[in-house]
Amino acid sequence: MITMEDIIREGNPTLRKVAEEVAIPLSDEDIKLGEDMMEFLKNSQDPVKAEELALRGGVGLAAPQLDISKRVIAVHVPSNDLENPEPTLSAVMYNPKILSHSVQDACLGEGEGCLSVDREVPGYVVRHNKITLSYVDSAGEKQKIRLKNYEAIVVQHEIDHLNGVMFYDHINQQNPFALKDGVLVIE
Ligand SMILES: O=C(O)C[C@@H](Cc1ccccc1)[C@H](O)SCc1ccccc1
Ligand code: NI
């Protein structure tokens with residue numbers, strides 16, 4: 001079971017590497033890795049387990065954060081609609097690839113954090129508002145989906161980890177809260 005001790009922190013060179021694609025058909029090892037990553041996210045969002053295991057809440061995780069330089073991410077975005085408690089996005093994605101994206105950019109009003117960064121880094125992280133994404137799912141099937149807003153931001157944060165990019169690389173160092181016209185601020 002993955003805990004915070006398994007998550008490497010900034011300064012570890014693996015976080016700056018471009019991760020390798022995983023072989024298809026998926027190996028048992030890579031399927032288990034995806035299952036463990038998804039289990040971590042669910043545990044991190046369970047108040048009892050998160051406290052018990054001292055987990056930071058996470059909605060996404062990338063294999064390089066486990067010092068495994070493979071193109072595997074897990075995302076588990078809980079619903080904030082009491083009427084419909086199903087997660088808005090829950091998937092393990094192998095070899096995810098952004099096929100196209102909107103002209104419109106977006107950022108989170110509260111900025112971003114990272115399980116591999118033990119400090120606050122204030123500033124807007126400007127990303128694509130909408131993306132079309134392909135990936136192989138844990139059943140080995142090719143998927144093609146469209147995401148927007150928060151779910152699109154989470155997946156872009158995780159795909160950045162596969163390319164050795166940290167969220168603060170996107171922050172304008174001169175003025176961290178500078179925004180070009182037309183960027184959608186997601187609260
Ligand atoms: O470090 C990671 O990759 C996991 C991040 C992903 C993330 C951070 C900011 C914006 C989008 C995705 C963690 O989920 S950070 C903790 C967190 C928890 C709940 C909601 C937002 C951020
Ligand atoms: Ni991160």
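Counting starts at 1 for both ligands and their atoms, following the listed order.
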Query raised in the report: Any idea which N/O/S atom from H157 gets closest to the Ni ion (ligand 2)?
Result: NE2
Counting each atom of ligand 1 from 1 as listed, which ones have a heavy atom of [X] under 4.0 Å away?
X	answer
E158	2 (C), 3 (O), 4 (C), 6 (C)
G113	8 (C), 9 (C)
L108	10 (C)
G57	16 (C), 17 (C), 18 (C)
C114	1 (O)
G60	2 (C), 3 (O), 4 (C), 14 (O)
Y150	20 (C), 21 (C)

**Report entry** Min heavy-atom dist Q65 to ligand 1 below 4.0 Å
**Finding:** yes
Query raised in the report: Above 12 or not: heavy atoms from other molecules or residues under 6.0 Å from CG of N175?
Result: yes
Hey, does [X] come in under 3.5 Å of ligand 1, counting only N/O atoms on both sides?
X	value
L115	yes
S116	no
R56	no

Report summary line: Scanning both residues in full, the closest heavy-atom pair of I2 with L55 reads O-CD2, 4.4 Å
Are [X] and [Y] ion-paired here, with the side-chain N under 4.0 Å from a carboxylate O?
X	Y	result
D46	K42	no
R119	E10	yes
D160	R127	yes
D105	K130	no

Query - Pair D30-R71, salt bridge (Lys or Arg N to Asp or Glu O under 4.0 Å): steps then yes or no - result: CA-CA 10 Å; D30 288 340; R71 302 187 79 82; over 6 Å; no
Report summary line: The side chain to side chain contact (heavy atoms under 4.5 Å, CB included) partner of L33 among V22, I68, L26 is I68
Report task. Carefully, step by step, assess Y135 and N95 under the rule side-chain contact (heavy atoms from CB on, under 4.5 Å). Result -> CA-CA 5 Å; Y135 66 92; N95 302 334; over 6 Å; no
Query raised in the report: Considering only the protein, which heavy-atom contact is closest to atom 14 (O) of ligand 1, and what is its distance?
Result: V59 N, 2.9 Å
